[in-house]
2 protein chains.
Amino acid sequence: MIEHEYLKHLAAFAEYGTLSKAAEKLHISQPSLTRSMKKLEEEFGVPLFFRTKNRLEFNENGKLAADYAKRILEQTGVMLERVRALDRAGRTIAIGSCAPIPMLKAVRDAAHLYPEMTISSECRDCDPLIEGLYAELYQIIILPFRPDDKDLHVREAGTETLYFAVPAGHRFAGSSGIYMKEMDGENMLLYADIGFWHRLPREKMPHSRFLVQTDRFAFEELISSSILPCFVSDAALADDWSLADRILVPILDPEAKATYHMACLKKQFPKVRKLFQLKP
Amino acid sequence: MIEHEYLKHLAAFAEYGTLSKAAEKLHISQPSLTRSMKKLEEEFGVPLFFRTKNRLEFNENGKLAADYAKRILEQTGVMLERVRALDRAGRTIAIGSCAPIPMLKAVRDAAHLYPEMTISSECRDCDPLIEGLYAELYQIIILPFRPDDKDLHVREAGTETLYFAVPAGHRFAGSSGIYMKEMDGENMLLYADIGFWHRLPREKMPHSRFLVQTDRFAFEELISSSILPCFVSDAALADDWSLADRILVPILDPEAKATYHMACLKKQFPKVRKLFQLKP
DNA sequence: AGACCTTACGGCCGGCGTAACAATA
DNA sequence: TATTGTTACGCCGGCCGTAAGGTCT
């Protein structure tokens, strides 16, 4: 029987040219390699080398054998990788979302309903999410609209409505609602991790500049210590974001309200069934 | 390291469904298989089976692993096969010929010029010969015409001319030459192993019946004990075929003379060079 | 009872490293 | 002299088969 280890030896010899170098790379003794090569010749039943007194070189048989050896080793690696990936996939629920708020809720639900599973999550734009769902990179994705495909299970997953949060004394502090274009030109604080929302202010308020904050603490600190307006959503407020004494002004643009939908492939449904049975 | 032997065990278990049956087929003990499977799980680092007290079944990981194992085993087999074939090809000169007479000469020459090589030879029709040459099934082929391809080395390899051999007293015994159609309708002895020649009499003499002899002794015996005409060639005569006291009548059809050509792929030329340097 | 899987135990084969040797550049 | 490949030798680990135990049909 061809020892798998010997194929590695063969490939190493092919790569490094001498038994000594190959032995060094393989962390084994050089006589051991001599023996491996002899053993291989014996198992192939044909000579694989030209031998001179202190030089060993492949003949045509050897070159061919080494090529095959590399392919077999590669395929063995692929096997290990794929089986491990399958196993991991079986123990993981991967959630992709267009925005962080509904993602956090979904992750919490998933962790609660499937305590033995690993929950992974990330925010992406809608298109890569949909592609990723079909490629089974995600078991579940959350979109700000209802996807239309008979191969998908879909349920609503809450809404999120955006407000302006302005300091007392701001010119819109007393408004019962404004359109985004009315705020256009005014500089604003903007939290970085807001998913698909990042497009909206830049489209509707092209003349504003946005001071993007990556860090949540810095963001909240600036809210209380500056008079720059910022965005906030009802869902974020429910998630304990502190806004000091800001005044909320409703945004009248219809795009300021999103209705989330979570979706999974029907074939994946059994794996995440409980998440869909949950009442929204 | 994944032992190659264990992949066989895995494949056997996939095929036979229980460790016991697989062990029997593999001619090893059943506890040994239990250990192999455990070892595999350990090396994959993931579970491959559902275990109940007295039943072992693949889970999804295991099914995938078994599929890969089969493919790797298959590829290992292919590797052995191909390397051995390459080695054999390196030690063999394979000659394909359209007719036995020039083949015999070529085989004798090859055996003399390359005493360390194995010479293999066979008679085929022209089309499979040409295909076989390009597929490197043959290093050399012998055709009754000159092939036209710049990738080939070609040299003439003698001629062969057909005669009728008739007994004294036959109606054509005194002829200085006849066309085959003049003999049409008359039954003839025909030796079986004549390569591409077998077409000619059947085309030109559709009303004759041919008493085909496979055995050379029987053929020669019938020649001396019957009055049926037969074919013979100058080349066969030079090769010691005995015709008792038959009279040779030249055949006037131009197809009755063949000029042989031997050909090899240019890339194979170094291997058979001496045969082409030989004077025809 | 029979089929099946697992664990424990002891023997043995095979591959490893060290050491010594031979040849080459 | 440094590098390289081969051979000899003794050790040790890992794999195997046997035996025994437990579960399910």
Side-chain angles (χ1 to χ4, degrees), chain A residues 1-63 65-66 69 72-73 76 80, chain B residues 1-63 65-66 69 72-73 76 80:
Chain A
M1 198 54 223
I2 296 253
E3 292 288 331
H4 194 81
E5 198 67 21
Y6 290 170
L7 297 184
K8 279 194 180 172
H9 295 183
L10 198 67
F13 179 62
E15 181 163 2
Y16 298 111
T18 72
L19 292 186
S20 309
K21 285 212 184 79
E24 188 185 343
K25 300 288 182 178
L26 291 168
H27 304 291
I28 61 173
S29 71
Q30 182 274 329
S32 180
L33 266 189
T34 293
R35 290 190 293 263
S36 306
M37 299 300 111
K38 280 200 185 305
K39 198 83 184 176
L40 279 167
E41 280 184 307
E42 191 180 309
E43 279 164 357
F44 274 95
V46 306
L48 301 175
F49 308 97
F50 298 121
R51 294 164 187 279
T52 60
K53 282 296 179 184
N54 73 338
R55 181 100 199 129
L56 192 72
E57 270 174 311
F58 279 131
N59 63 18
E60 292 304 313
N61 297 339
K63 286 179 197 162
I72 290 172
L73 290 170
T76 307
L80 285 171
Chain B
M1 198 53 224
I2 295 254
E3 292 288 332
H4 194 81
E5 198 68 20
Y6 291 169
L7 296 183
K8 279 194 180 172
H9 296 183
L10 197 67
F13 178 63
E15 181 161 5
Y16 299 111
T18 73
L19 292 184
S20 309
K21 286 214 182 77
E24 188 186 343
K25 300 288 182 177
L26 291 168
H27 303 292
I28 61 174
S29 71
Q30 183 273 328
S32 180
L33 265 189
T34 293
R35 288 188 295 261
S36 307
M37 298 301 110
K38 280 200 185 302
K39 199 84 184 175
L40 280 168
E41 282 184 308
E42 191 179 311
E43 279 164 356
F44 274 95
V46 306
L48 301 175
F49 308 97
F50 297 120
R51 294 163 188 280
T52 60
K53 282 293 179 186
N54 72 338
R55 181 95 198 136
L56 193 71
E57 270 174 309
F58 278 130
N59 63 17
E60 292 303 313
N61 298 338
K63 285 178 196 162
I72 290 172
L73 291 170
T76 307
L80 285 170

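These numbers were taken from a predicted model, which means no experiment stands behind them. Letters A, B, ... are given to chains in the order of the sequence lines, protein chains preceding strands, and every chain is numbered from 1.
B:Glu41 places a side-chain N or O within 3.5 Å of a backbone atom of B:Leu48 that can act as its donor or acceptor partner. In terms of modelled atom types and a separation under 3.5 Å, the side chain of A:Asn59 and the main chain of A:Pro47 share a donor-acceptor contact.
Across B:Phe44 and B:Ala65, no two heavy atoms sit closer than the pair CZ-CB, 3.9 Å. Smallest separation of non-hydrogen atoms from A:Ile2 and A:Glu43: CA-OE1, 3.4 Å. Annotation for B:Leu33 and B:Ala23: closest pair CD1-N, 3.3 Å, computed over non-hydrogen atoms.
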Nucleic acid footprint by protein, nucleotides 18-25 of chain C - heavy-atom cut-off 4.0 Å, B for base, S for sugar-phosphate alone: BB---BB-
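Across all strands shown, A:Ser20 has heavy atoms under 4.0 Å from sugar-phosphate atoms exclusively, and none from any base. Backbone-only engagement by A:Ile28 is indicated by non-hydrogen atom pairs under 4.0 Å involving sugar-phosphate atoms exclusively. Residue A:Phe49 is out of contact with every strand shown, counting any heavy-atom pair closer than 4.0 Å.
Contact annotation: A:Ser36 side-chain N/O to C:dG15 OP1/OP2 distance is not under 4.0 Å. Taking 4.0 angstrom as the limit, B:Thr34 places none of its side-chain polar atoms (N or O) nearer than this to OP1 or OP2 of C:dC5. One finds a side-chain N or O of B:Lys38 lying less than 4.0 angstrom from the OP1 or OP2 phosphate oxygen of C:dT7.
Per the geometry, CE belonging to B:Met1 stands 17 Å off C1' belonging to C:dC16, to the nearest Å. Note: CD (B:Glu57) to P (C:dA3) measures 19 Å, nearest angstrom. Regarding A:His9, its NE2 atom lies at a distance of 6 Å from the P atom of C:dC16, rounded to whole Å. Rounded to an integer number of Å, the gap from CG of B:Leu33 to P of C:dT7 is 15 Å.
Contact annotation: the side chain of A:Leu40 never approaches that of A:His9 to less than 4.5 Å [non-hydrogen atoms, C-beta and beyond]. The shortest side-chain heavy-atom distance between A:Glu15 and A:Lys25 does not fall under the 4.5 Å cut-off.
Of the two residues contacting DNA chain C, namely B:Leu19 and A:His27, the nearest-nucleotide position lying further toward the 5' end is that of B:Leu19.
Using bins of under 30°, 30° to 60° and over 60° for the plane-to-plane angle, the ring pair A:His4/B:His4 lands in the parallel bin. Classification of the A:Phe13-A:Phe58 ring pair by plane angle, with boundaries at 30° and 60°, yields perpendicular.
In the 5' to 3' direction, nucleotides of DNA chain D lying under 4.0 Å from heavy atoms of chain A begin and end at D:dT4 to D:dA8.
From B:Met37, atom CE reaches atom OG of B:Ser32 across 9.0 Å, with rounding to the nearest 0.5 Å.
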CA sep, side-chain torsions, deciding dist, call: B:Glu24, B:Lys21, salt bridge (charged side-chain N to carboxylate O under 4.0 Å, His left out): CA-CA 5 Å; B:Glu24 188 186 343; B:Lys21 286 214 182 77; over 6 Å; no
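Comparing the end axes of the helix from C:dA1-D:dT25 to C:dA25-D:dT1, each fitted to five base pairs by superposing C1' atoms of four pairs onto the next four, gives an inter-axis angle of 30° (nearest 10 degrees).
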